[in-house]
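One structure below.
Since the structure is predicted, the reported quantities are computational estimates derived from the model, not experimental observations. Both ligands and their constituent atoms are indexed starting at 1 by order of listing.
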Amino acid sequence: MKQKSRKAKKGKGQPESDLRTPIVCVMGHVDHGKTTLLDKIRGTTIADGEAGAITQHIGATEIPLAVITEVCGPLFRGDFQIPGLLFIDTPGHHSFTSLRSRGGSLADLAVLIVDVNEGFQPQTIESINILKRYRTPFVVAANKIDRISGWLPVEGAPLAATLKAQSERVRGDLDNRIYELVGELYKQGFNSDRYDRISDFTKNIGVVPISSISGEGVADLLMVLLGLAQKFLKENLKVRASGPGVGTILEVKEERGLGTTLDVILYDGEFRSGDTIVVGTLKEPIVTKIRALLKPRPLSEIRSEERFLPVKHVAAASGVKVSAPKIESALAGSTIRVVSEDEDVDAVAQEIRSELETARIDTENVGVIIKTDTIGSLEALVGELESKEIPIHAADVGPITRRDVIRAAAIQDPLYSAVLGFNVKILPDALTEVQKSDVPIFLSEVIYNLLENYDDWVEDQKMRMEQERLQAVIRPGMIRIIPDYVFRQSKPAVVGVQVVGGQITNGVTLMREDGAVIGTVKGVQASGENVGSASVGKEVAVSIDGPTVGRQIHEGEILYVNIPEKHVKIIEAELKQRFSEDELEALEKFLEIKRAKDPFWGR
Ligand SMILES: Nc1nc2c(ncn2[C@@H]2O[C@H](COP(=O)(O)OP(=O)(O)OP(=O)(O)O)[C@@H](O)[C@H]2O)c(=O)[nH]1
């Protein structure tokens with residue numbers, strides 16, 4: 001990409017450097033305190049307004065380094081060159097899956113927030129998996145420490161100061177909870193410890209105990225984030241505040257008086273009004289021109305009717321609302337990119353089109369069908385399924401359609417004939433199809449739950465298939481032909497029998513005591529009714545295709561159900577322990593006959 005010579009304007013109090021503001025995202029389980037933490041960071045830093053103002057962006061808040069310096073007070077050590085931190089206001093609890101950029105995470109850094117009283121929850125694990133996939137450096141905020149019984153809150157205090165104020169027991173209690181988190185993180189493949197006990201942040205994840213309500217530990221959290229940014233990101237953040245802008249669409253929104261607008265996080269280069277842009281959609285990328293760039297109007301101008309303030313220019317990293325013609329079909333999570341004068345629009349469009357194409361899967365192989373709301377969530381779900389070795393037949397962005405259900409129904413493997421939808425709707429004609437075909441549809445706003453529900457269903461399916469398999473096994477049976485109860489000599493022979501052991505069922509073949517197979521049972525009747533089968537003690541009439549009474553079979557003779565060798569093996573391995581005495585006896589006698597000729601038969 002050709003870099004233009006324009007440089008980003010530096011804000012007040014920001015150091016003169018080529019590093020752009022790192023983008024920070026707060027992730028975690030629902031109700032663990034994401035919003036409260038962001039409010040606290042904003043509130044704390046607004047209160048410290050003397051040092052320079054925080055800047056409200058669209059979908060993000062920028063905290064300049066000078067403000068962080070002020071908030072951290074004596075905690076602040078070291079020489080930082082980054083201009084500050086840009087926190088993304090994660091809208092809704094699922095959308096961090098759209099926080100992607102081309103080939104990676106939109107966030108340079110993340111805060112994984114965990115309620116210390118609840119520990120790891122489904123979305124905590126889901127967040128960790130996303131952080132792992134994108135290799136995003138992160139810090140763990142062990143939140144709600146003020147809820148620990150006996151805690152004495154010290155409003156806004158750094159960790160060391162508040163720990164001093166707590167009793168020995170409370171400190172011990174906090175440590176135990178931190179160790180639980182450390183254990184959970186270890187299970188996920190990370191070494192970690194309380195941040196002040198770590199010397200090498202490249203090998204360990206820092207855990208910062210905080211309260212988003214009292215503000216305790218929040219300064220420590222900001223310090224650790226600055227440290228991580230400085231350590232890990234220096235190269236990534238260099239000179240990217242100039243050149244043609246590249247951003248990720250967080251949301252596509254209708255705004256009164258403006259029509260459709262895009263809330264964008266610009267992570268590279270600059271946007272100027274009038275710039276030609278290419279925007280990702282489900283189909284062909286849109287080529288259009290920026291009509292207006294909008295920022296939130298400062299709080300001091302709250303009386304104004306207009307909520308947004310037009311600006312001519314924004315530089316990365318920044319949250320901005322983009323107004324442009326023809327952007328109705330823009331897709332959240334995809335890229336928006338400025339085309340500079342010396343670039344080929346078609347080439348840029350192809351680059352953006354290929355983003356969705358790379359994430360999409362469309363094969364002829366056996367596997368599940370998945371639909372998600374954004375490219376980011378598609379990548380995340382595909383990644384999860386691949387790591388669990390669940391094959392995918394088709395993966396795409398968009399609602400569940402009739403075609404998806406038909407395709408799933410056509411999958412022969414009963415464990416993969418299913419549709420998984422993340423944050424998507426089912427179209428009405430797809431619902432009609434579901435009723436016809438019985439294809440299960442799994443829907444969730446949490447990837448972890450989606451996979452868990454699918455796993456449960458697979459287990460149920462397997463159990464059902466197992467039961468069906470075992471039900472198909474021919475079980476042992478032993479019958480005696482009752483003398484004077486021959487109803488028909490042959491074609492078929494119909495005789496009265498007593499079931500001496502096990503059972504007799506339609507369709508089985510029968511064997512004599514000398515091992516000769518004499519025919520197939522065609523019917524089992526009791527009191528003139530077809531009963532299909534009869535168990536030990538019953539007297540029934542059976543019709544046997546094959547023998548003639550008086551020749552191959554005789555009154556008073558014992559006959560055995562002829563069990564195929566494969567079935568005997570299943571019986572010996574899996575079923576025998578559940579057999580009754582008479583079934584066992586019938587099996588043993590049958591095997592004696594078989595093994596008289598071949599001692600290894602059925603072994
Ligand atoms: N006591 C205490 N309560 C907290 C703390 N942080 C958050 N809460 C409370 O926990 C609840 C959930 O907090 P939110 O910030 O809404 O959680 P969230 O993670 O943003 O939730 P979603 O946006 O719904 O995912 C609210 O009632 C908060 O007041 C804390 O440090 N201490």
* Asked: Taking it one step at a time, do His57 and Leu86 satisfy side-chain contact (heavy atoms from CB on, under 4.5 Å)?
  -> CA-CA 9 Å; His57 290 235; Leu86 184 78; 3.7 Å; yes
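- For ligand 1, one of its N or O atoms has an N or O atom of Gly33 under 3.5 Å away.
- Within the 4.0 Å heavy-atom shell around ligand 1 one does not find Gln123.
- Near Ser212, meaning under 4.0 Å from one of its heavy atoms, ligand 1 places the atoms 6 (N), 30 (C), 31 (O).
- For ligand 1, the atoms lying closer than 4.0 Å to a non-hydrogen atom of His29 are 19 (O).
- Put simply, the side chain of Asp263 never gets that close to the backbone of Gly59: no donor and acceptor are under 3.5 Å apart.
- Checking Asn143 against Ser212 by side-chain atom types alone, a donor-acceptor pair falls below 3.5 Å.
- When heavy-atom distances to ligand 1 are checked against a 4.0 Å cut-off, Lys34 comes that close through both its backbone and its side chain.
- Contact annotation for Asp146 and ligand 1: only side-chain heavy atoms (C-beta onward) come within less than 4.0 Å of the ligand.
- Below 4.0 Å from some heavy atom of Val30 lie the following atoms of ligand 1, by number and element: 24 (O), 25 (O).
- Side-chain contact, Glu216 with Thr162: a donor N or O sits under 3.5 Å from an acceptor N or O.
- For atom 9 (C) of ligand 1, the choice among Lys144, His32, Lys40, Met27 with the nearest heavy atom turns out to be Lys144.
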* Asked: Between Tyr179 and Glu184, does a side-chain hydrogen bond (donor to acceptor under 3.5 Å, both in side chains) hold up when you go through it step by step?
  -> CA-CA 9 Å; Tyr179 285 134; Glu184 292 284 358; over 6 Å; no
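- Looking at Glu118 and His32, their side chains do bring a donor and an acceptor atom within 3.5 Å of each other.
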